[in-house]
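Just below is one structure, and these are the notes that go with it.
What you are looking at is a predicted structure, and each value in this text was computed from that prediction instead of being measured.
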Amino acid sequence: FDAQGAAFSGNVGPGSLLVASHLSNPGTGTQLNCGQINGTPVVQSCNQNIVLDSNNAGDQAVINAIANRIVPVTNGNPTGDDGSNLTVFGQATLIKYWADTLSTSLSYSRSQGAASGLGSTVVVDAASLTTTWDFWERWQLALRGDYVYRESVFDSEQTFIRENPVSATDLGLAPGSVITLAGVCDPATGCTAGSSFNSSTRSDIETTRWSVAGRITHRLFRRTNLYLQGRYDDQESDSSSLGSRSDFENYLVTFGVVHSFEPIKLW
């Protein structure tokens with residue numbers, strides 16, 4: 001849409017802006033253009049749907065009013081909530097030798113980890129079962145299964161900025177020069193300040209990952225091995241947790257050559 005809420009098409013000039021309107025359809029309707037957290041519209045979930053074209057003098061005045069405005073935002077609860085959690089970390093491994101050429105190991109560990117990209121600390125419970133069999137001269141077969149469960153130590157709450165409807169008058173412009181936009185500043189303060197809040201919705205991490213793999217290895221020479229490996233991974237998260245967007249199912253087949261070079265003496 002353009003600054004008056006009509007459909008927009010064509011090229012734009014340098015320095016043009018794409019901003020969000022207060023309503024999803026500026027011309028008609030009453031549906032908000034921004035998503036809500038706990039019933040409060042927030043600017044992080046607004047859809048940018050208004051083109052302010054710098055080639056248009058009226059739009060340029062709106063661009064200047066937006067670009068030159070600095071709005072402080074105050075969080076009503078900047079310290080968040082306090083919490084505590086006590087856990088124990090450790091590792092244990094059991095190995096059973098069924099024969100000289102056949103063995104099985106079972107291991108379990110509990111450790112602290114980082115949830116990459118999710119901004120939280122997690123406790124990781126990992127268990128693995130591995131069987132290795134030297135079934136023929138120079139041939140080895142290995143089978144492995146893994147289970148990993150990640151759970152956040154505490155809820156990873158987020159800070160959201162309240163969305164406020166901002167009119168042309170609030171921006172110090174002539175009435176009608178731009179439709180009501182989705183703004184940070186609160187018109188009740190003369191559009192000089194905004195506010196934010198910490199979410200109280202569930203945003204923890206609860207992810208389960210399964211994997212099975214098989215590998216066959218042939219010792220071609222004394223220092224050279226050939227191997228063929230197949231692996232299947234499946235990761236699933238609780239539907240309401242942060243990790244759900246990273247879920248995947250993956251099949252991987254690998255062929256490789258491993259060669260151990262002679263040690264290089266430096267002294």
Side chain to side chain contact (heavy atoms under 4.5 Å, CB included) filter on T40, not counting sequence neighbours, yields R162, F197
Between the CD1 atom in I63 and the CG atom in L17, the distance rounded to the nearest 0.5 Å is 4.5 Å
D2 and F8 have their tightest heavy-atom pair at N-CB, 3.9 Å
* Does a side-chain heavy-atom distance below 4.5 Å link N33 with L23? -> no
Here the gap from E137 atom CD to R219 atom CZ, rounded to the nearest 0.5 Å, amounts to 7.5 Å
Distance alone, cut at 3.5 Å: any donor-acceptor contact between the side chains of N49 and S21? yes
>> Check this for me: N250, atom CG, are more than 12 non-hydrogen atoms of other residues, nucleotides or ligands nearer than 6.0 Å?
In response: yes
Separation between CG (N64) and CG (L171), nearest 0.5 Å, reads 11.5 Å
_A side-chain contact here means heavy atoms from C-beta on lying under 4.5 Å apart; do Q36 and E163 qualify?_
no
Across all chains, not counting sequence neighbours, the side chain to side chain donor-acceptor pair (under 3.5 Å) partners of W136 are none
Scanning both residues in full, the closest heavy-atom pair of C185 with T192 reads CB-N, 4.4 Å
Sorted by chain and number, sequence neighbours left out, side chain to side chain donor-acceptor pair (under 3.5 Å) with S167 holds for D170
So the salt bridge (charged side-chain N to carboxylate O under 4.0 Å, His left out) pairs with at least one residue in residues 254-267 (sequence neighbours excluded) are R222-E262, R223-E262
Those residues at least two apart in sequence (or on a different chain) that pass side chain to side chain contact (heavy atoms under 4.5 Å, CB included) with N75 are N77, P78, T159, S196, N198
Residues at least two apart in sequence or cross-chain that pass salt bridge (charged side-chain N to carboxylate O under 4.0 Å, His left out) with R231, listed by chain then number, are D233
query = Side chains of I66 and L181: does their closest heavy-atom pair fall under 4.5 Å?
reply = yes
- prompt: Just checking, any donor-acceptor pair under 3.5 angstrom between side chains of S195 and T74?
  reply: no
* Begin from the C-alpha positions of Q44 and I161 and carry the test side chain to side chain contact (heavy atoms under 4.5 Å, CB included) through to its verdict. => CA-CA 7 Å; Q44 286 93 330; I161 301 175; 4.2 Å; yes
Sorted by chain and residue number, the ring-ring contact (aromatic ring centres under 6.0 Å, His included) partners of Y97 (sequence neighbours excluded) come out as none
**Q.** 4.5 Å side-chain heavy-atom contact, L129 and Y147
**A.** no
Residues passing the side chain to side chain donor-acceptor pair (under 3.5 Å) test with D134, sequence neighbours excluded, are Q140
Q. Does any non-hydrogen side-chain atom of S24 lie less than 4.5 Å from one of N47?
A. no
Quick check: does any side chain N or O of D186 sit under 3.5 Å from a backbone N or O of G194, one acting as donor and the other as acceptor? no
Between the NE2 atom in H22 and the SG atom in C34, the distance rounded to the nearest 0.5 Å is 8.0 Å
Margin query: Does N11 have more than 12 heavy atoms from other residues, nucleotides or ligands lying within 6.0 Å of its CG?
Written below: no
Is there a side chain to side chain contact (heavy atoms under 4.5 Å, CB included) between L143 and W133? Walk through the geometry before answering. CA-CA 9 Å; L143 301 175; W133 179 29; over 6 Å; no
All heavy atoms of S107 vs all of T93, minimum pair found to be CB-OG1, 3.6 Å
S111 meets the side chain to side chain contact (heavy atoms under 4.5 Å, CB included) criterion, sequence neighbours left out, with V124
Under the side chain to side chain contact (heavy atoms under 4.5 Å, CB included) criterion, do R150 and V123 qualify, and how do the steps go? CA-CA 6 Å; R150 296 188 306 165; V123 172; over 6 Å; no
With a sphere of 6.0 Å drawn around CZ of F89, does it hold more than 12 non-hydrogen atoms of other residues, nucleotides or ligands? yes
Taken in chain and number order and not counting sequence neighbours, the residues that satisfy side chain to side chain donor-acceptor pair (under 3.5 Å) with T87 are R110
### Query
Hey, does E151 have a side-chain heavy atom less than 4.5 Å from the side chain of D125?
no
Applying salt bridge (charged side-chain N to carboxylate O under 4.0 Å, His left out) to D146 and not counting sequence neighbours gives R144
Treating Ile, Leu, Val, Met, Phe, Trp and Tyr as nodes and any side-chain heavy-atom pair under 4.5 angstrom as an edge, say whether W139 and L141 lie in one connected cluster. yes
*Any side-chain heavy atom of F160 sitting closer than 4.5 Å to one from V43?*
no
*Looking only at atom types and distance, does a side-chain atom of S54 sit under 3.5 Å from a main-chain N or O of P14, one as donor and one as acceptor?*
yes
Note: S105 and I95 closest approach over all heavy atoms is CB-CG1, 4.0 Å
Closest non-hydrogen atoms of S177 and Q4, given as atom of the first, atom of the second and distance, are O-NE2, 3.0 Å
A3 meets the side chain to side chain contact (heavy atoms under 4.5 Å, CB included) criterion, sequence neighbours left out, with L52, D59, V178
Value for CZ (F255) from CG (L226), rounded to nearest 0.5 Å, stands at 5.0 Å
Note to self: Would you say that V253 contacts L228 through its side chain, given a criterion of any heavy-atom pair below 4.5 Å between the two side chains?
What the structure shows: yes
Item to check | F1-L173 co-clustered via ILVMFWY side chain contacts under 4.5 Å | outcome: yes
OH of Y227 to NE2 of H218, rounded to nearest 0.5 Å, is 15.5 Å
Closest non-hydrogen atoms of H259 and T224, given as atom of the first, atom of the second and distance, are ND1-OG1, 2.7 Å
